[in-house]
Number of protein chains: 2
Amino acid sequence: MRADARRNRERLLDAAVELILEMGGEPARDAIANRAGVGIGTLYRHFPDQQSLLHAVALHVLDRSVAAGESALADSATGVEALRRYMHLAIDHGVGVLNLIYPLLDHANWPEQRARAESLLHAIVDRAHREGQLRRDATAKDIGFTIIRACRPLAVGLPPADERALAHRHVDICLDGLALEACRPPPG
Amino acid sequence: MRADARRNRERLLDAAVELILEMGGEPARDAIANRAGVGIGTLYRHFPDQQSLLHAVALHVLDRSVAAGESALADSATGVEALRRYMHLAIDHGVGVLNLIYPLLDHANWPEQRARAESLLHAIVDRAHREGQLRRDATAKDIGFTIIRACRPLAVGLPPADERALAHRHVDICLDGLALEACRPPPG
DNA sequence: AGTTAAACGGAGTACAATCCTCCGCTTATT
DNA sequence: AATAAGCGGAGGATTGTACTCCGTTTAACT
């Protein structure tokens, strides 16, 4: 595979992730190609139909997030630290698209990746619980939903850098709400 | 104004709010009429063009949220309680649409309502701060963004009742993160 | 109950956005 | 320098959306 082809493929996937998060559904193909800075023909060469594009997008974000999360779990001193790092990385990679495209997929067939992602999240949450750092009622679902919410842009038009900063701040706030740090000093 | 006309107008506005939150932009007119359970002609009679519809939607959510918030502020024993009640009510009314339609409006001309909404939010946040119940770095913007995030449905297809429950849980988690309750017992 | 004017529904046409193919040009690789 | 893989984007086909119009229904009032 030629180098420019690989580069364009990545750009297309990243653009698709951004647009799906903004629009909340199937964005127009031309819009994806435009945002990626490539011609429409290039999009169709890489992804001949809707399903292959959505499938590739799903695997794209899933693989990158899981990889990031696994190393976060391995390298962190505490459970909540691993959780915090995982959430921030997952947002940067845009895992939030998974929820949005799931109902559009004909057959979501990546049992292996799915299992890996679920067991990763549970491993992190369980560890934090075992170390007594999380509220009892905090579940893996809470984490997942928080990530999904943080992924979506607040309003189209805000500079991407600002959006990212707000997303990260939001995750930190939620984690503070889910964590269990008695008598922590006021952060401000 | 005939009773059925008033009822249909309300239904149309509610449907528009739901759809805007789901789609994140301008939903198709037919979709709004369908969801409201009225004919497309009825929509055009009430709102002859895009702008009048968007304008009405904005005022609809703004007025209801501000009214709810003002009574919450008056009736609550503490600042955070007022804040909590306001946030939950605002979500139920769908204030989150404001951010989404703002860039679509030709001229957003409701200075009075806008001022009332801003001063309300600041009044609530200030009171909570004065009573020492909020993190120092918690701002009115944090509250606003949290409400906006909670308003958006996580995934199209989930039953509305579940969506609402998740939204409310999310707000509670965020508030726990923003509040300052030293040594609070684990809620679970 | 009868009257009436306001309100309703939805088929249908005009318009706009989107999809996707095709082929001449460009560029990475050897 | 050769060449095959990759690129861009104009353009025709298709789908979706906007908006009108008019026969039917219904709330309001006597």
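Because the structure is a prediction, the values reported are computed rather than measured. We use all heavy atoms of the structure for the numbers below, so side chains are in, but hydrogens, waters and symmetry mates are not. Every chain is numbered from 1, with letters handed out A, B, ... down the list of sequences.
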Point to revise | Estimated bend of the helix from C:dA1-D:dT30 to C:dT30-D:dA1 (axis per five terminal pairs, rounded to 10 degrees) | key: 50°
Do the side-chain N or O atoms of [X] get closer than 4.0 angstrom to the phosphate oxygens (OP1, OP2) of [N]?
{"X": "B:Asn8", "N": "C:dA7", "result": "no"}
{"X": "B:His46", "N": "C:dA7", "result": "no"}
{"X": "B:Thr42", "N": "C:dA7", "result": "no"}

Point to revise | Close side-chain approach of B:Ile124 and B:Ile143, heavy atoms under 4.5 Å | key: no
Practice item. Report yes if the side chains of A:His55 and A:Phe47 come closer than 4.5 Å at any heavy-atom pair, otherwise no. Key: no
Point to revise | Between D:dA5 (P) and A:Arg6 (CZ): distance, integer Å | key: 16 Å
Exercise for review: Using whole Å, report how far CG of B:Asn34 lies from C1' of D:dA18.
Suggested key: 14 Å
Point to revise | Donor-acceptor side-chain pairing of B:Asp14 and B:His60 below 3.5 angstrom | key: yes
Check your understanding: Salt bridge between A:Glu10 and A:Arg6, side-chain N to carboxylate O under 4.0 Å?
Key ->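 A:Arg6 and A:Glu10: not salt-bridged.
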Dump the pairs, protein N or O against N or O of nucleotides 19-22 of chain D, anything under 3.5 Å, distances to one decimal.
{"from": "D:dC19", "atom 1": "OP2", "to": "B:Arg29", "atom 2": "NH2", "distance (Å)": "3.1"}

Practice item. Anything under 30° is parallel, anything over 60° is perpendicular, the rest tilted; go ahead and classify B:His168 against B:His88. Key: tilted
Point to revise | Pairs touching residues 138-150 of chain A that satisfy salt bridge (charged side-chain N to carboxylate O under 4.0 Å, His left out), sequence neighbours left out | key: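 As it turns out, the salt bridge (charged side-chain N to carboxylate O under 4.0 Å, His left out) pairs with a partner in residues 138-150 of chain A, which skip direct neighbours, are A:Asp142-B:Arg169.
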Check your understanding: Which residue pairs pass the salt bridge (charged side-chain N to carboxylate O under 4.0 Å, His left out) test with at least one member in residues 90-111 of chain B, sequence neighbours excluded?
Key ->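 Of all non-adjacent pairs touching residues 90-111 of chain B, those that pass salt bridge (charged side-chain N to carboxylate O under 4.0 Å, His left out) are B:Asp92-B:Arg164.
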Exercise for review: Using a cut-off of strictly less than 4.0 Å between a heavy atom of the residue and any atom of DNA chain D, enumerate the qualifying residues of residues 9-28 of chain B by number.
Suggested key: B:Ala28
Results of salt bridge (charged side-chain N to carboxylate O under 4.0 Å, His left out) for [X] - residues two or more places apart only:
{"X": "A:Glu26", "result": "none"}
{"X": "A:Arg127", "result": "A:Glu131"}
{"X": "B:Arg35", "result": "B:Glu18, B:Glu22"}
{"X": "A:Arg116", "result": "A:Glu70"}

Review point. Among all residues two or more places apart in sequence or in another chain, which pass the side chain to side chain contact (heavy atoms under 4.5 Å, CB included) test with A:Thr42?
Key: A:Asn8, A:Leu12, A:Val38, A:Arg45, A:His46
Interface polar pairs with nucleotides 26-30 of chain C, N/O, under 3.5 angstrom:
{"from": "C:dT27", "atom 1": "O2", "to": "A:Arg2", "atom 2": "NH1", "distance (Å)": "3.3"}
{"from": "C:dA28", "atom 1": "O4'", "to": "A:Arg2", "atom 2": "NE", "distance (Å)": "3.4"}

Review point. Residues two or more places apart in sequence or in another chain: which of them pass side chain to side chain donor-acceptor pair (under 3.5 Å) with B:Arg152?
Key: none
